[in-house]
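Letters A, B, ... are given to chains in the order of the sequence lines, protein chains preceding strands, and every chain is numbered from 1.
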Protein chains: 2
Amino acid sequence: MNIKKAAQATDLPPKTIRYYEEIGLVAPARSANGYRDYCEADLHRLRFIQRARSLGFSIQQCRSLLSLYDDEHRASADVKALALEKVGEIDRKIEELRSLRATLSTLVAHCHGDDRPDCPIIEDLAGA
Amino acid sequence: MNIKKAAQATDLPPKTIRYYEEIGLVAPARSANGYRDYCEADLHRLRFIQRARSLGFSIQQCRSLLSLYDDEHRASADVKALALEKVGEIDRKIEELRSLRATLSTLVAHCHGDDRPDCPIIEDLAGA
DNA sequence: GCTTGACCTTCCCGTAGCTGGAGCCTTTAG
DNA sequence: CTAAAGGCTCCAGCTACGGGAAGGTCAAGC
């Protein structure tokens with residue numbers, strides 16, 4: 001299967017699939033003409049990566065997940081640990097964003113927002 | 001004032017300050033020896049940027065904020081609009097992260113997390 | 001006067017995770 | 001036979017810097 005079909009089958013752009021090969025995630029066979037030739041196992045790995053990425057895992061984390069995916073004797077605890085770490089990361093990001101949002105919306109609330117130049121937002125940024 | 005002092009005064013690394021000059025945000029005068037020489041107005045701009053960045057504004061947004069900061073005849077409504085757009089961005093990110101978190105923690109909850117290899121997280125990623 | 005060390009300069013490379021494009025080759029349809 | 005569509009590799013660029021090399025400058029101590 002050529003790369004475009006593989007792209008359609010995995011919902012990934014061809015460029016991204018080539019990139020994943022370049023960084024050693026999925027290495028398909030090559031046809032006689034040099035074209036990439038994706039087998040079912042390759043597609044499974046690509047879909048696996050696509051799903052993991054869409055859940056927010058980094059490429060490095062995907063690498064770890066893939067090696068667990070490949071390991072018949074994995075311990076589900078190891079997978080769970082990775083997922084929990086990710087949940088922690090997400091929690092930290094949410095907390096950070098919430099804090100930013102609170103600060104910003106306080107500033108917004110104090111800005112009358114008309115055509116006059118005086119503005120508490122600018123004043124705060126300027127360190128008033 | 002040399003760059004290191006400016007860095008201490010603005011809580012920004014010298015590298016970052018040079019970068020801000022390179023992209024046209026703050027251009028200090030130069031001393032006879034070629035050293036950057038920061039005046040009070042430069043420091044104000046740098047602190048302004050530092051605060052805006054720490055509130056989550058992108059460099060492009062900082063550029064817009066700076067031009068409003070420079071504009072004596074600005075309308076506070078324009079500033080408020082930028083801030084509100086940022087709040088919207090943050091809200092969207094939080095929502096996305098919350099959704100990821102929900103999916104992930106559901107998966108985590110279904111994984112027994114022991115030394116056996118069967119794992120609902122891996123199965124989900126594999127598209128089971 | 002000389003050395004040493006702290007500072008300054010520019011320049012280039014690397015980060016994450018791709019995306020776009022150039023230039024060229026192969027396959028397929030009409 | 002031609003033209004379009006797809007494939008290939010390689011290079012550049014995006015954000016917002018950080019690290020480090022090679023070299024110039026300045027202040028302190030001997």
**Report entry** Residue whose closest nucleotide on DNA chain D lies nearer the 5' end, B/F57 versus A/R36
**Finding:**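 Counting from the 5' end, the first nearest nucleotide belongs to A/R36.
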Query raised in the report: Closer to the 5' end of DNA chain D via nearest nucleotide, is it B/S58 or A/K4?
Result: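 It is A/K4, whose closest nucleotide lies nearer the 5' terminus.
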Query raised in the report: Of B/L55, B/L68, B/V79, which is the lone residue that meets side chain to side chain contact (heavy atoms under 4.5 Å, CB included) with A/I121?
Result: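 Of the listed options, the one satisfying the test is B/V79.
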Query raised in the report: So what does A/I23 hit on the nucleic acid, given a heavy-atom distance under 4.0 Å: a base, only sugar-phosphate, or nothing?
Result: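 The residue A/I23 makes no contact with any strand.
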Could you give the [atom1]-to-[atom2] distance, from [X] to [N], as a whole number of Å?
{"X": "A/L25", "N": "C/dA16", "atom1": "CG", "atom2": "P", "result": "13 Å"}
{"X": "A/N33", "N": "D/dC8", "atom1": "CG", "atom2": "P", "result": "8 Å"}
{"X": "B/M1", "N": "C/dC7", "atom1": "CE", "atom2": "P", "result": "15 Å"}
{"X": "B/Q50", "N": "D/dA16", "atom1": "CD", "atom2": "C1'", "result": "14 Å"}
{"X": "B/E22", "N": "D/dG13", "atom1": "CD", "atom2": "P", "result": "13 Å"}
{"X": "A/I3", "N": "D/dG6", "atom1": "CD1", "atom2": "P", "result": "13 Å"}
{"X": "B/E89", "N": "D/dT15", "atom1": "CD", "atom2": "C1'", "result": "14 Å"}
{"X": "B/R53", "N": "D/dG18", "atom1": "CZ", "atom2": "P", "result": "10 Å"}

Does the [X] side chain pair with the main chain of [Y], one donor and one acceptor, at a distance under 3.5 Å?
{"X": "B/D42", "Y": "B/P28", "answer": "no"}
{"X": "A/T10", "Y": "A/A6", "answer": "yes"}
{"X": "B/R47", "Y": "B/A9", "answer": "yes"}
{"X": "A/T16", "Y": "A/L12", "answer": "no"}

[X] side-chain proximity, nearest of [options]:
{"X": "A/R18", "options": "C/dT10, D/dT9, D/dC17", "answer": "D/dT9"}
{"X": "A/Y19", "options": "C/dC18, D/dC17, D/dT9", "answer": "C/dC18"}
{"X": "B/R30", "options": "D/dC17, C/dT10, D/dG7", "answer": "C/dT10"}

Requested in this report: Using heavy atoms and a sub-4.0 Å distance, could you list which residues of residues 9-16 of chain B are near DNA chain C? By number, please.
Outcome: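 Correct list: B/K15.
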Query raised in the report: Is a donor-acceptor contact shorter than 3.5 angstrom present between the side chain of B/Y35 and the base of D/dG24?
Result: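 By the distance-only test, yes, there is a pair.
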Query raised in the report: Does B/E96 CD have over 12 foreign heavy atoms under 6.0 Å away?
Result: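 Incorrect, the count does not exceed 12.
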Report task. Inspect the contact between B/R92 and B/E89 and indicate whether a charged nitrogen and a carboxylate oxygen are less than 4.0 angstrom apart. Result ->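 Here B/E89 does not pair with B/R92 in a salt bridge, since their nearest N and O are not under 4.0 Å apart.
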